[in-house]
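The structure under discussion appears below in the form of structure tokens.
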2 protein chains.
Amino acid sequence: MNTKPVVLLIEDEQQIRRFLRASLPDENYALIEAGSGLEALSKFDGNEVDLVLVDLGLPDIDGLEVISQLRKKSRVPIIVLSARGQEQTKIEALDRGADDYITKPFTIGELLARLRAALRRAGRASEPAEVHTFTLGDISVDLEGRLVRKKGEDVHLTPIEFGLLSSLLKRAGKVVTHNQLLKEVWGDEYMGETHYVRVYMAQLRAKLEDNPARPRFIMTEPGVGYRLKLQ
Amino acid sequence: MNTKPVVLLIEDEQQIRRFLRASLPDENYALIEAGSGLEALSKFDGNEVDLVLVDLGLPDIDGLEVISQLRKKSRVPIIVLSARGQEQTKIEALDRGADDYITKPFTIGELLARLRAALRRAGRASEPAEVHTFTLGDISVDLEGRLVRKKGEDVHLTPIEFGLLSSLLKRAGKVVTHNQLLKEVWGDEYMGETHYVRVYMAQLRAKLEDNPARPRFIMTEPGVGYRLKLQ
DNA sequence: GGATTTGATCAAAAAATGATCAAGATGACC
DNA sequence: GGTCATCTTGATCATTTTTTGATCAAATCC
């Protein structure tokens, strides 16, 4: 990516294609265009694409399906172009692995900001993480060594329990939704199985909290997910 | 926009045109006039317009239609000039993407305040990429982490309360109609259930305002909706 | 100025979501 | 093939959130 970043645009509306064709090259991006999902998948394979821009309303296969297909083979940043009011589809796109979305109509400035942010994230993502140990009150967690202690004593966690704890830790302080947890710990195909998360959160609390019924660390956000509270 | 902001006025009443022609240039705005909707659309394409002022009662195509057409290609700030009693039309204009409205007759001071507010919002909106945190007086909101604090203390919001707050926040400073809120937070099929919005705005105010009876942030726009006031 | 609409607030009822327990299923390992 | 820890699943009860209706206040309309 020393040269211009290559953007694959998947869009059937001519108006938007003309708009980007006119503006992106000036901003130092190379543009590849695809008018349909199938064309996009084949062009993706044939080029070194750095970022994908995909419209959700495509003629042949669904834009959502394109995202799923791309995610099967690549971690390329994907930004969704959505029309106003497509809230549900937009969320589904993010669940399938899109990185960001932008609502039409948009200005070139906005788009450029998103492109920069996504490329920056992608660049960073390849670097190894730095911090491996965390402390929460009397609990300490070593992510790399998979070691958890409470009041100095080793606590044994099962793989799923440990997975949940690390997902929460990686976003400590922020809410992590049920589906994010399911995706990261169980895999994409488990999304919707909220009950699993509950059962294991109860187990985690039983092992880590002094009083599981009044948790100090693992907080539930009803209707949304869980949050690891920083003390 | 380093030079004067360019305002496109779409208005058939000579009186108002004369009034603005006389006052806006003194206030450091450049004025382009259009007497009909079609004329406006063509002048918009031919100029670098920074803001649109549109009257709803036009001779040829409807002012509402002009708004829809403009929104298809641009996010330029649009302020509606509405006559007293055109409540329904005014709301429809906001639903179609207008940013604000001002009721005739108005003073030049009122109009200038709206112009400044709209242009300020537009300037901010161009780089919303990774701004997930906002500050309103002693309240801070992290949209990504779903974290709300007031005077440093965590405030717990339910999913609907949080949804309402983010809808307001995303359009901070501009009116959001009841139906826009219902659509975004509850879904299309809830449009018309204004009572829901009221109940939850009361709850939000109870949680966020020092004195819910005299709100500083969550302002009511009677007959229209709500507006998050920037301090 | 009285009637009607619109908005705020409260609280009860209904619905959705979450916690917990425990029985069975699974699968790795000896 | 049996044992063990772990995971899946179902049932039940608790909690939180949402919906709904009632009531009062304020603004707006004849």
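Bear in mind that the values here come from a model prediction, so they are computed numbers and not experimental data.
With sequence neighbours excluded, no residue forms a side chain to side chain donor-acceptor pair (under 3.5 Å) with A/D142. Residues passing the ring pair (Phe, Tyr, Trp, His ring centres under 6.0 Å) test with A/Y196 are A/W186, A/Y190, sequence neighbours excluded. Under the side chain to side chain donor-acceptor pair (under 3.5 Å) criterion, B/E27 pairs with no residue at all, not counting sequence neighbours. Applying the side chain to side chain contact (heavy atoms under 4.5 Å, CB included) rule to B/V185 yields the partners B/I160, B/L164, B/S167; only residues at least two apart in sequence or on another chain are considered. In this view, A/F217 satisfies the ring pair (Phe, Tyr, Trp, His ring centres under 6.0 Å) rule with no residue, not counting sequence neighbours. Partners of B/R96 by side chain to side chain donor-acceptor pair (under 3.5 Å), not counting sequence neighbours, listed by chain and number: B/S68, B/E92. Scored by the side chain to side chain contact (heavy atoms under 4.5 Å, CB included) test, B/N28 finds B/K4 as partners (sequence neighbours excluded). B/K174 pairs by the side chain to side chain contact (heavy atoms under 4.5 Å, CB included) definition with B/D99, B/R121, B/R171, not counting sequence neighbours.
Between the CD1 atom of B/I160 and the P atom of C/dA15 there is a distance of 15 Å, given to the nearest Å. Taking atom CG of B/N211 as the reference point, atom C1' of C/dA8 lies 13 Å away to the nearest angstrom. Per the geometry, CG belonging to A/L164 stands 15 Å off C1' belonging to C/dA19, to the nearest Å. In this structure, A/Q203 atom CD and D/dC7 atom C1' are separated by 9 Å, rounded to whole Å. Atom pair A/F162:CZ and D/dC7:C1' shows a separation of 18 Å (rounding to whole Å applied). Across the protein-nucleic acid pair, A/Y200 atom OH and C/dA22 atom C1' stand 14 Å apart, rounded to whole Å. The CG-C1' distance, from B/L157 to D/dT16, rounds to 14 Å in whole Å. Taking atom CG on B/L208 and atom P on C/dA8, their separation rounds to 15 Å, with Å as the unit.
Of the side-chain N and O atoms in A/Y196, none sit less than 4.0 angstrom from OP1 or OP2 of D/dC7. When the side-chain nitrogen and oxygen atoms of A/H156 are compared with OP1 and OP2 of D/dT6, one or more of them lie within a distance under 4.0 Å. Phosphate contact (OP1/OP2 of D/dC7, side-chain N/O of A/T158, threshold under 4.0 Å): present.
Residues B/T220 and B/R205 have side chains that bring a donor and an acceptor to within less than 3.5 angstrom of each other.
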- Task: Could you run through nucleotides 23-30 of chain D and give me one letter per nucleotide, 5' to 3': B if any protein heavy atom sits under 4.0 Å from the base, S if only the sugar-phosphate is that close, - if neither?
- Result: --------
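Near DNA chain C, meaning a heavy atom under 4.0 Å from it, residues 175-195 of chain A has A/H178, A/H195 in order of number. Scanning residues 212-221 of chain B for heavy-atom distances under 4.0 Å to DNA chain D yields an empty list.
Within the structure, the salt bridge (charged side-chain N to carboxylate O under 4.0 Å, His left out) test picks out the following pairs touching residues 219-231 of chain A (sequence neighbours left out): A/E221-A/R227.
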- Task: Just do the side chain to side chain contact (heavy atoms under 4.5 Å, CB included) check on B/L136 and B/L230 with the steps written out, would you?
- Result: CA-CA 7 Å; B/L136 287 163; B/L230 297 166; 4.3 Å; yes
